[in-house]
Structure formats: C-alpha cells, structure tokens
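This report refers to the structure that appears directly beneath it.
Computed over heavy atoms, backbone and side chain alike; hydrogens, waters and symmetry mates excluded. Counting convention: from 1, in listed order, for ligands and their atoms alike. These numbers come from a predicted model, not from an experiment.
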Amino acid sequence: MILKMSLDQLRHSIEEKDLAIISLIAERMKIVRDIAREKERQGLPVRVPDQAHVVLERAALESSRLGLDPASVQEIFQLLVRMSEDFQEESREKKVD
Ligand SMILES: C=C(O[C@@H]1C=C(C(=O)O)C=C[C@H]1O)C(=O)O
C-alpha cells in the first residue's frame, strides 16, 4: 500500500510522525518538570546515572526488538536525557537567583 503513495504523500506521512515525536518530547519534558520538583523536595541530585543507564538500556532493547540500530536510538535518548538534566539544572539555578 505504501508503494502506491506518491513522494509527497510519503513526506506528509513523515511530517505527521515528526510532529508526533515532538509532541511526545514535550510530554516527556512535562513529566521531567514534575520529577524535578519532587527530587528537589526530597533533596535528591538532578543527575542520576543509574536511572539514566536504565533509560538508555531500555531504549537499546526496544530498538533491537523493532529492528532498529540500538546505538543510533541510544544517541537520541542520550540527547533527551541531557535535555532533561539541563532543564532541571536550569530550574534549580533560577530558584537560587
Ligand atoms: C528524570 C530524571 O532525571 C535525570 C534525567 C533522566 C531522564 O531524562 O530520563 C534520568 C535520570 C536523571 O539523570 C530522573 O531522575 O528520573
């Protein structure tokens, strides 16, 4: 079925998926904001290497299951974790000022 679609239609399908990915990143960051508040309340550090490791391992496993290159997907998740940690650091810095 996908073979019958024009290049424009296929690119439109990619656009829809790209927008969905961005939406999910925004949802992830909303959860990060709640986690940031809770960790600050409990006096816990922003960066938790063991938890980041769990996230990256899960990404690799799920990627392999779906036939994707795990190392490439892990790179994407490294970026997401960095974005999340940077956001948490910045929100703590803002409270100090
Ligand atoms: C979100 C958290 O904060 C950090 C960011 C993580 C992430 O974005 O997945 C994971 C671990 C922490 O380094 C957390 O502690 O769960």
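For the pair V32 and ligand 1, no heavy-atom separation below 4.0 Å is found.
For R47, the CZ atom is densely surrounded, since the number of other residues' heavy atoms within 6.0 Å is greater than 12. Heavy-atom neighbours of I14 CD1 from other residues, nucleotides or ligands within 6.0 Å: at or below the threshold of 12. Environment of CZ in R11: sparse, with no more than 12 heavy atoms of neighbouring residues, nucleotides or ligands closer than 6.0 Å.
Residue-level proximity to ligand 1 for V55 is carried by the side chain, the only part with a heavy atom below 4.0 angstrom.
Atom 14 (C) of ligand 1 has as its closest protein heavy atom K39 NZ, 3.5 Å.
Atoms of ligand 1 lying under 4.0 Å from any heavy atom of Q88, numbered from 1 in the order shown and given with element: 1 (C), 2 (C), 3 (O), 4 (C), 5 (C). Listed by number with element, the atoms of ligand 1 under 4.0 Å from a non-hydrogen atom of R47 are 13 (O).
Distance alone, capped at 3.5 Å, is enough to place a donor-acceptor pair between the S64 side chain and the A60 backbone. In terms of modelled atom types and a separation under 3.5 Å, the side chain of Q9 and the main chain of S6 share a donor-acceptor contact. The backbone N or O of L44 lies less than 3.5 Å from no partner atom in the side chain of K39, so there is not a single donor-acceptor pair.
Across the listed options E85, R28, Q51, R28 owns the non-hydrogen atom lying nearest to atom 7 (C) of ligand 1. For atom 4 (C) of ligand 1, the candidate residues are V46, I35, V81; the nearest heavy-atom contact is made by V46. Looking at S84, A59, A36, A52 and measuring to atom 5 (C) of ligand 1, the nearest heavy atom belongs to S84.
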